[in-house]
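Note that the structure is a prediction, hence the values are computed from the model and not measured. Computation of the quantities below employed the complete heavy-atom set of this structure, encompassing side-chain atoms and omitting hydrogens, waters and symmetry-equivalent molecules. In each ligand, atom 1 is the first atom listed, and ligand 1 is the first ligand listed.
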Amino acid sequence: VAKREGGARIRLFRPEMGERVLARQRDKADLRTAVADGQLVLHYQPIVDLATGRATGAETLVRWQRPGHGLLGPGEFIGLAEETGLIVPLGNKVLAGACEQAMRWREQGRALGVTVNVSTRQLSAPAFLPSLDRVLKTSGLPPERLTVEVTESVWADEAAMRGLMDVRETGVRVALDDFGTGYSSLSYLQRYPFDVVKIDKSFTGNLDDAGRTAGVVRCIVDLAEVLGAHTVAEGIETQEQADWLRAAGCDYAQGYLFGRPDLAENWDAQPSVTG
Ligand code: C2E
Ligand code: MG
Ligand code: MG
Ligand code: MG
């Protein structure tokens with residue numbers, strides 16, 4: 001076995017592997033440039049109040065307009081950003097852009113809050129809170145208009161968890177993203193205050209599986225209510241899903257049914273969002 005492992009290790013130095021290392025270095029350099037030179041593009045997706053059908057906020061979703069590659073989704077570069085630490089300056093750009101956009105909406109008479117996805121790595125950096133404070137001051141956005149979205153992975157990182165609770169002290173709201181797909185722990189949920197629980201689209205997309213998923217979603221909605229948190233259902237694509245969630249007591253929803261993530265400029269074209 002040792003010999004085989006040795007063989008495997010030698011194979012690490014195949015020329016293709018060297019190419020992969022080079023490609024990664026190029027990606028990293030390009031991503032650094034992207035953050036510095038304004039190649040990051042912010043899309044916003046409406047978050048709709050299920051009782052009224054109106055948008056009350058927007059989730060900020062980052063894209064990279066990469067020269068020669070087109071518009072890349074976060075799945076293609078957030079991982080690299082996290083591994084290289086570039087997530088910190090990238091995340092600050094997203095935060096600043098989102099807060100400025102929320103202020104612009106405010107000036108247009110639209111009371112829309114914004115949510116921003118924040119990775120555990122970002123939160124655990126001691127500089128996060130001061131930069132958040134700076135962004136809020138610079139933009140003038142009232143903290144309660146901003147929601148920070150984190151995933152359950154935050155519970156595995158003590159520094160990030162502490163950072164998160166400091167964030168909440170400033171009045172910024174905290175949402176638990178993709179709830180139910182990570183390491184859900186009732187004791188953590190009970191111990192730490194969250195303002196919003198976002199029900200992952202893997203649940204909302206499976207509501208017709210003979211009642212099992214529907215039962216779980218009902219429990220999540222009830223649990224959130226007991227804990228004093230609002231619920232947002234993700235990935236709503238059909239009216240049936242929206243109707244069912246509303247009847248189940250879910251507060252808000254997000255999904256292609258209401259609007260795809262898009263540039264703020266294009267929001268006027270979306271009927272569900274105006275007014
Ligand atoms: P997320 O926070 O759970 O965002 C929701 C994802 O679901 C988005 O994908 C959105 O485009 C997609 N989506 C929305 N409605 C529907 C629907 O009706 N059907 C389906 N099938 N999908 C829908 P996106 O934009 O590709 O983002 C993927 C993930 O990347 C996000 O998941 C979030 O975890 C991460 N991300 C996005 N922006 C940022 C950012 O600025 N910073 C960090 N750290 N992560 C980000
Ligand atoms: Mg999110
Ligand atoms: Mg989500
Ligand atoms: Mg998700």
- Task: Check ligand 1 against S119 and write out every atom of the ligand that is under 4.0 Å from a heavy-atom position of the residue.
- Result: 44 (N)
- Are any of the heavy atoms in P261 under 4.0 Å away from ligand 1? yes
- Message: Rounded to the nearest 10°, what angle sits at the Mg ion (ligand 3) between OD1 of D178 and OE2 of E234?
- Response: 120°
- Item | N117-E59 side chain donor-acceptor pair, cut-off 3.5 Å | yes
- With atoms numbered from 1 as shown, which atoms in ligand 1 lie under 4.0 angstrom from a non-hydrogen atom of V62? 38 (N), 39 (C), 40 (C), 41 (O)
- Message: Could you tell me, atom by atom, which parts of ligand 1 come under 4.0 Å of a heavy atom of G255?
- Response: 15 (N), 18 (O)
- Closest to atom 7 (O) of ligand 1 (heavy atoms only, candidates E59, K201, K198) is K201
- Note on the structure: In short, A36 meets K93 closest at the heavy-atom pair O-NZ, 4.1 Å
- Just which atoms of ligand 1 are under 4.0 Å from any heavy atom in I236? 18 (O)
- Query: Should you measure from each heavy atom of D178, which atoms of ligand 1 turn up under 4.0 Å away?
  - Reply: 3 (O)
- Message: Looking only at distances, can you tell me whether any N or O atom of N117, backbone or side chain, sits closer than 3.5 Å to an N or O atom of ligand 1?
- Response: yes
- State plainly whether one hydrophobic cluster holds both L186 and I199, where clusters connect Ile, Leu, Val, Met, Phe, Trp and Tyr through side-chain heavy atoms under 4.5 angstrom apart. yes
- Can Q254 be said to touch ligand 1, with heavy atoms closer than 4.0 Å? no
- Is any N or O atom of L90, backbone or side chain, closer than 3.5 Å to an N or O atom of ligand 1? no
- Message: Only heavy atoms of E237, strictly under 4.0 Å: list the atoms of ligand 1 that pass.
- Response: 17 (C), 18 (O), 19 (N), 20 (C), 21 (N)
- Task: Taking D195 for its side chain and A175 for its backbone only, find out whether a donor-acceptor pair lies under 3.5 Å.
- Result: no
- Return yes when R260 approaches ligand 1 closer than 4.0 angstrom through a heavy atom, no otherwise. no
- Paired with L50, the side-chain contact (heavy atoms from CB on, under 4.5 Å) test is passed by just one of T231, L245, D243, V232, namely L245
- Would you kindly specify which portion of E234 sits under 4.0 Å from ligand 1, judged on non-hydrogen atoms: side chain, backbone, both or neither? side chain
- Item | Angular separation of OD1 (N117) and OE1 (E149) seen from the Mg ion (ligand 2), to 10° | 90°
- Counting heavy atoms under 4.0 Å, the part of D177 that contacts ligand 1 is side chain
- Message: So if I count the atoms of ligand 1 from 1 in the order they appear, which ones are less than 4.0 Å from some heavy atom of Q45?
- Response: 14 (C), 15 (N)
- Query: Under the 3.5 angstrom rule, does the side chain of D37 hit a backbone N or O of Q39 as a donor-acceptor pair?
  - Reply: no
- For G259, does its backbone N or O pair with a side-chain atom of Q45 as donor and acceptor, under 3.5 Å? yes
- Would you call the rings of W155 and Y188 parallel, tilted or perpendicular, where under 30° means parallel and over 60° means perpendicular? parallel
- Could you point out which residue of N206, T204, D200 forms a side chain to side chain donor-acceptor pair (under 3.5 Å) with S202? D200
- Query: Quick one: does R121's side chain have a donor or acceptor within less than 3.5 Å of a partner on E82's backbone?
  - Reply: yes
- Task: State if E82 counts as touching ligand 1 under the rule of any non-hydrogen atom under 4.0 Å.
- Result: no
- Measure the shortest side-chain to side-chain distance between V172 and L136 over non-hydrogen atoms and say whether it is less than 4.5 angstrom. yes
- Query: What do you reckon, is CZ of R191 surrounded by more than 12 foreign heavy atoms closer than 6.0 Å?
  - Reply: yes
- Task: Check whether any heavy atom of G235 sits under 4.0 Å from an atom of ligand 1.
- Result: yes
- Query: Can you check whether E237's main-chain N or O pairs, donor with acceptor, with Q241's side chain at less than 3.5 Å?
  - Reply: yes
- Best match, G73, A81, P74: closest heavy atom to atom 28 (C) of ligand 1: P74
- Task: Could you tell me the angle subtended at the Mg ion (ligand 2) by OE2 of E59 and OD2 of D177, rounded to 10°?
- Result: 180°
